[in-house]
Protein chains: 2
Amino acid sequence: MSSLATATPSEVRQIIRNNQWVKPTSGVAEGYTQGNLAILPKALAYEFLLFCQRNPKPCPVLDVTDLGKPHLPLVAPEADIRVDLPKYRVYRRGELVEEPTDITHLWTENMVGFLLGCSFSFEKALMNAGVPVRHIEEDCNVPMYKTNIQCHKAGRFEGPMVVSMRPIPEHQVVKAVEVTSQFPNVHGSPIHIGNPASIGIEDINRPDFGDAVPIRENEVPVFWACGVTPQAVAMQVKPEIMITHAPGHMFVTDRKE
Amino acid sequence: MSSLATATPSEVRQIIRNNQWVKPTSGVAEGYTQGNLAILPKALAYEFLLFCQRNPKPCPVLDVTDLGKPHLPLVAPEADIRVDLPKYRVYRRGELVEEPTDITHLWTENMVGFLLGCSFSFEKALMNAGVPVRHIEEDCNVPMYKTNIQCHKAGRFEGPMVVSMRPIPEHQVVKAVEVTSQFPNVHGSPIHIGNPASIGIEDINRPDFGDAVPIRENEVPVFWACGVTPQAVAMQVKPEIMITHAPGHMFVTDRKE
């Protein structure tokens, strides 16, 4: 358990803002929703929001900043997304160029920040329901795969859905669906149960992102829409600038899970 | 029951397109979702979509057209929103100027259409569950009220939430919440149960829109977010042009309820 497990979201953000916590946010401010950040130029904001609206399972929008304002009015109005994440990634025309701990020097009046749901919340609910989460047991990253499921296109944004996979014991598959169905803001119910080939995954042991995990006897691979999708799709447009959280270094909201 | 109750959505839209059905769509293509239409100029589209994203209960977005394209890619890709509704309302700078049955002459490459959930679906579910729907029993319009609940602002769009009210027998209030909770795309669960004054409604017998209905002994007024909200809010911005469906004259989608 992290030393910030019982801290409030605003305490956590203050510590992060002071650069006293430059590491992943898993386990901090327990019970509060964390989110994935994507900052884009205004010229892409409408099409990106429409892409998310058309593809809510991979792209669950928690909040959007007002143009040029680094605040999230619904989930953390006091926070500043330029300094309140432990680490960022800066992409120029699709190329990673910088991993700063503060993006104040890059922020302009022309930017919009999108906060998208991340799977931390529903994984905790799975474990609380007694359903094992393999990559947490194995202390590695969740395996993620590109599929043959095309997202609904919106303007310049298009591409395949990326999914995460968790091996679930046969007798707990129904429970896993029931539990995650209760989190529509964080990818919700699975998009596929069972056969990787039928969603275009050739080798379950070779994920496109993250780490492979063992699937044991009497376990079924279960696939959920993954928050990597919108970032992967946005990257293909090669925006002049795009800023995201560094993997695992999330934004901590004031909202209870 | 309407003579188009058992017609398919595409049959209904063809008949409407031929101007053979210029009346409300209540009861047509039973079992299929109907929606409220709002067409706005491109310059307002992003802020309107963001307003809906921030206020999903009064503004449940079912689909959005691509810029300048009169098609709804998710819910009825073959349809044409310029001709497939029985009657439209055209507003210029907030003033109603025309009620045509076809808007082809007004459509430009600069327009975006938004389809929003309407309460027909959840009212049928209430009745199927044995919960009475008073304004249907009384054959009048649902009573609607402006409240003191402010919507979350987005750019130029702001204003109070409008709610609809249905009197529910005390012993069925829980059931009414359970049933409508299952329709998050159509306003979902109530926003208030019981006391009109606590959401800023002074006189329950004088609705701001629609018709008053009797509240009988042992009935409780139950309030749901209402799809009039986004239109009321958009109207305050006085867009150069805004086109909506005429009340009750909805768009019939291919999507099952």
Side-chain angles (χ1 to χ4, degrees), chain A residues 35 38 40-69 71-77 109-117 149-158 178 181-186 188-189 230 253 255, chain B residues 35 38 40-57 59-69 71-77 109-117 149-158 178 181-186 188-189 230 253-255:
Chain A
L40 285 167
K42 176 191 174 188
L44 290 169
Y46 174 66
E47 288 175 14
F48 189 71
L49 184 59
L50 186 58
F51 183 83
C52 293
Q53 200 278 327
R54 288 182 178 169
N55 299 281
K57 279 200 144 184
C59 314
V61 177
L62 297 180
D63 207 349
V64 182
T65 68
D66 287 314
L67 175 62
K69 300 272 190 300
H71 310 296
L72 292 163
L74 304 191
V75 302
E109 290 296 304
N110 200 33
M111 287 179 169
V112 178
F114 297 85
L115 195 74
L116 304 169
I149 303 167
Q150 284 299 309
C151 292
H152 296 287
K153 186 178 188 295
R156 287 159 279 186
F157 295 104
E158 62 185 314
E178 286 173 343
S181 295
Q182 290 164 36
F183 291 81
N185 289 333
V186 210
S189 50
T253 76
R255 188 168 285 182
Chain B
L40 285 166
K42 177 191 173 188
L44 290 169
Y46 174 66
E47 288 175 14
F48 189 71
L49 184 59
L50 186 58
F51 183 83
C52 293
Q53 200 278 327
R54 288 183 177 167
N55 299 284
K57 279 198 145 185
C59 316
V61 178
L62 296 180
D63 207 350
V64 183
T65 69
D66 288 314
L67 176 63
K69 301 272 190 302
H71 310 295
L72 292 163
L74 303 191
V75 302
E109 290 297 304
N110 200 33
M111 287 179 169
V112 178
F114 297 84
L115 195 74
L116 303 170
I149 303 167
Q150 283 300 308
C151 292
H152 296 286
K153 185 177 188 296
R156 284 159 281 186
F157 295 105
E158 63 185 313
E178 286 173 344
S181 295
Q182 290 164 37
F183 292 80
N185 289 332
V186 209
S189 50
T253 76
D254 293 338
R255 188 167 283 183

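Below, chain A is the first sequence line, B the second, and so on; all start at residue 1. In this text, all values refer to a predicted model and were calculated from it rather than measured experimentally.
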#### Entry: B:Cys59 side, atom SG; B:Arg54 side, atom CZ - distance, nearest 0.5 Å
12.5 Å
### chain B contact via A:Leu50 - side chain, backbone, both or neither, heavy atoms under 4.5 Å
both
### Message
Between A:His152, A:Gln53, A:Glu47, who has the most heavy-atom pairs with chain B when the cutoff is under 4.5 Å?
### Response
A:Gln53
### Message
More than 12 heavy atoms of other residues, nucleotides or ligands under 6.0 Å from NZ of B:Lys153: yes or no?
### Response
yes
### Task
Over 60° means perpendicular and under 30° means parallel, so classify the ring planes of A:Phe157 and A:Phe51, tilted if in between.
tilted
### Query
Which region of A:Val112, side chain (C-beta onward) or backbone (N, CA, C, O), has a non-hydrogen atom less than 4.5 Å from a non-hydrogen atom of chain B, or is it both or neither?
side chain
### Query
Hey, does B:Leu115 have a side-chain heavy atom less than 4.5 Å from the side chain of B:Val64?
no
